[in-house]
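A short worksheet on the structure shown next.
Please read these numbers as outputs of a predicted model, since none were measured by experiment. Protein chains get the first letters and strands the later ones, always in sequence-line order, with residue 1 at the start of each. FYI, side chains are in, hydrogens and waters are out, and symmetry mates aren't considered; it's all heavy atoms of this structure.
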Amino acid sequence: MRSMWRALRRSEQLDAAMHDEMRFHIDMEAERLMREQGLDSHEARRRAHVAFGGVEKYKEEARETRALQWIDAMSLDARLGIRMLVMHRWLTLIGGFAMAVAIAIGATSFEIISEMLNPALPFEDGERVVAVQYVSSDTGTAERRVLHDFVAWRDELVSVEHLGTFRTAELNLVFGNAIPEPVKVAEITASGFAVARTSPLLGRYLLPADERDGSPPVVVIGHQAWQSRFAGDPHIVSKAINLAGVPYTVVGVMPDGFKFPVDHQFWIPLHTNLQDDERLQGGPVYMFGRLASGVTLEDAQAELTVLGHRAAAAHPATHGRLRLVVMPYTREHLDLTHPRLVWALRMVQLLIGALSFVVAVNLAILVYARTVARLGEIAVRTALGASRRRILAQMFVEALALSVVGATTGLVLANLALGRIESLIPSNGTVPFWLDFELSNGTVMYAFALAVLAAVVMGVLPGIKATGNRLHVTLRELSGRTGARLGPIWTALVVAQVAIAVAVLPAALFMAWQVVQMELAGPGLAADKFVVGIVALSDHTRPSIRIASERDNSN
Amino acid sequence: MTESAWLLPGTLDLLILKAVSLGKLHGYGVLLRIGQISGGALQIQQGALYPALYRLEQQELIESEWGTSENNRRAKFYRLTPAGRARLGEEAASWNRLVDAITMALRTTRSEI
């Protein structure tokens with residue numbers, strides 16, 4: 001950056017020196033003509049200029065020999081571009097607004113879809129955390145009653161280390177004078193904390209010893225729960241809380257943001273007992289682990305395939321139609337297990353990004369109208385020696401000025417939209433913790449890539465047409481009418497856009513009217529004659545029945 | 001009177017190096033020197049000197065400094081660098097080989113082939 005800035009400053013000095021040098025040359029030539037041919041000063045200077053040739057043309061050629069000359073050219077083009085934005089205020093406002101909306105939509109959807117497709121958890125080497133599941137060969141759906149299998153071969157796997165499992169239970173929490181209420185609890189193997197590689201804030205996390213039958217009931221709590229339900233009590237460790245009528249000793253508090261495996265704030269050990277669960281019996285569990293060092297997903301899949309075949313051979317009645325599959329952890333919990341789904345999401349991302357291209361084409365037509373008005377200027381510049389590349393570069397930078405303004409505004413809008421979406425996400429544990437809807441660097445770069453593409457469409461394409469082989473015609477037309485017309489491609493684009501707008505408009509109006517009608521019609525019943533009551537647990541209630549949820553954790 | 005000819009492409013640099021090798025000169029002086037050493041036989045578009053001078057300076061074959069001209073005006077003077085002197089030698093030798101080869105080709109008669 002410093003050398004670029006120095007080149008910019010230096011180029012101004014070089015330009016001044018070049019001007020002095022060429023003026024000196026012309027002065028010397030004029031003096032020679034006055035001396036040798038007796039011409040008057042006016043005539044001598046005129047002939048000196050003619051003998052020298054186009055001063056601006058040679059200055060331009062001289063600038064091109066300089067290092068970092070492109071910076072100098074770009075800075076000039078940027079200044080001209082900003083001047084054009086100010087001169088054509090309405091085009092700037094309309095075009096900037098349109099680009100901003102298109103890029104806001106593109107950036108928001110890009111961020112959301114990227115988050116959904118991102119295979120990495122926000123842990124150290126998070127992309128190596130995987131989910132393991134049995135899949136039915138007949139239906140393609142996951143078979144989750146696999147606790148027996150997990151216990152049987154958890155220590156056999158080599159390619160996946162810290163293999164663990166969890167299930168979610170909804171248990172009634174009773175603590176102190178707080179109103180008892182159900183909370184979502186992860187019954188999880190201690191390896192879950194080894195997979196996450198996150199140290200506790202207070203105390204410890206679960207250990208393998210906690211999983212053994214007969215070990216005292218312990219619980220680890222999350223930071224959010226610690227703050228909201230236990231007032232951030234610094235002495236919470238070793239206190240007892242009541243979950244489903246059973247006293248659990250708090251052994252640790254996890255740091256802020258830790259919600260593994262999905263969106264949990266309470267973790268208790270998962271007790272496994274082979275005699276209790278026959279094969280494919282019991283409630284659903286989710287298996288996870290971490291790829292061993294140096295092992296790829298393909299290697300792990302190969303080992304699991306062998307394991308699956310062995311299980312099928314040994315227990316054909318239950319496992320004959322099941323196969324073992326390993327995948328990035330995030331994909332399982334967002335139901336993105338099928339490659340076609342991933343591909344479909346990528347296509348949606350691409351199509352929404354193409355929206356900004358459509359807007360750019362519209363703006364290109366408006367910009368082309370402005371370019372037509374400047375044909376004379378372009379023709380004169382070309383005659384003075386400006387190369388076609390130079391003129392196109394200027395038009396590109398002018399268009400880039402507009403699209404960058406649009407992109408910046410669009411990113412601000414996208415940030416607001418993402419914040420609004422995140423605030424609408426319910427905090428009752430139904431959205432995975434790794435989804436973070438904040439503008440990432442990737443999304444910002446994507447937005448500016450769209451801006452550059454839009455600038456190419458808006459600036460370069462009309463410029464190519466304007467600086468084509470019609471220079472001599474344009475010069476003649478300077479004194480008369482201009483004959484620039486839209487070519488067949490531009491005409492087709494205009495017609496297609498009008499056709500789409502006409503076709504889509506009635507459907508859009510109909511849908512909007514349906515929504516308005518629903519809002520105006522009301523609930524369709526005498527809402528003021530109904531009341532709603534909530535049944536809450538009193539502090540005298542100690543329910544002994546444990547409520548286990550069999551809902552899919554991703555709902 | 002000597003007939004004048006436009007420079008062949010690529011030869012301006014060589015002539016500038018030669019002119020500057022004979023002594024420190026400003027841009028206008030380079031023009032006059034080229035006219036002098038060619039006997040007025042070469043026509044140069046005067047402004048075209050300057051992109052060539054800046055290019056040679058960029059390549060460090062010549063170097064410049066501001067000074068005072070013979071008529072007491074501020075001017076930029078150019079002189080040859082050691083690299084420029086070496087390049088002049090190479091280009092001159094290459095040019096002479098070319099001229100000899102073309103001259104020999106043009107002198108060939110029917111009986112010699």
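The nearest pair of heavy atoms linking A:Glu21 to B:Tyr78 is OE2-OH, 2.6 Å.
Annotation: the span from B:Gln46 atom CD to A:Met22 atom CE amounts to 12.0 Å, rounded to 0.5 Å. Rounding to the nearest 0.5 Å places CG of B:Asn71 at 4.5 Å from CE of A:Met28.
Enclosure of atom CD in A:Glu43 by more than 12 non-hydrogen atoms of other residues, nucleotides or ligands within 6.0 angstrom is indicated.
No side-chain heavy atom of B:Leu49 sits less than 4.5 Å from a side-chain heavy atom of A:Tyr58. A heavy-atom distance below 4.5 Å is found between the side chains of A:His25 and B:Leu31.
Formation of a donor-acceptor pair under 3.5 Å by the A:Glu61 side chain with backbone atoms of B:Tyr50 is not found in this model.
Interface residue A:Glu31: only side-chain heavy atoms are found under 4.5 Å from chain B. When heavy atoms are compared at a cutoff of 4.5 Å, B:Ala48 approaches chain A by way of both its backbone and its side chain.
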| Audit row: B:Gln45, A:Phe52, side-chain contact (heavy atoms from CB on, under 4.5 Å) steps and yes/no | CA-CA 6 Å; B:Gln45 186 68 56; A:Phe52 190 88; 5.9 Å; no

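Taking chain A as the reference chain and counting heavy-atom pairs below 4.5 Å, the highest number among B:Gly27, B:Pro51, B:Ala75 is found for B:Pro51.
Looking only at atom types and distance, the side chain of A:Glu29 has a donor-acceptor partner in the side chain of B:Tyr28 under 3.5 Å away.
Ion pairing between B:Arg73 and A:Asp27 holds under the 4.0 Å rule for side-chain N and carboxylate O.
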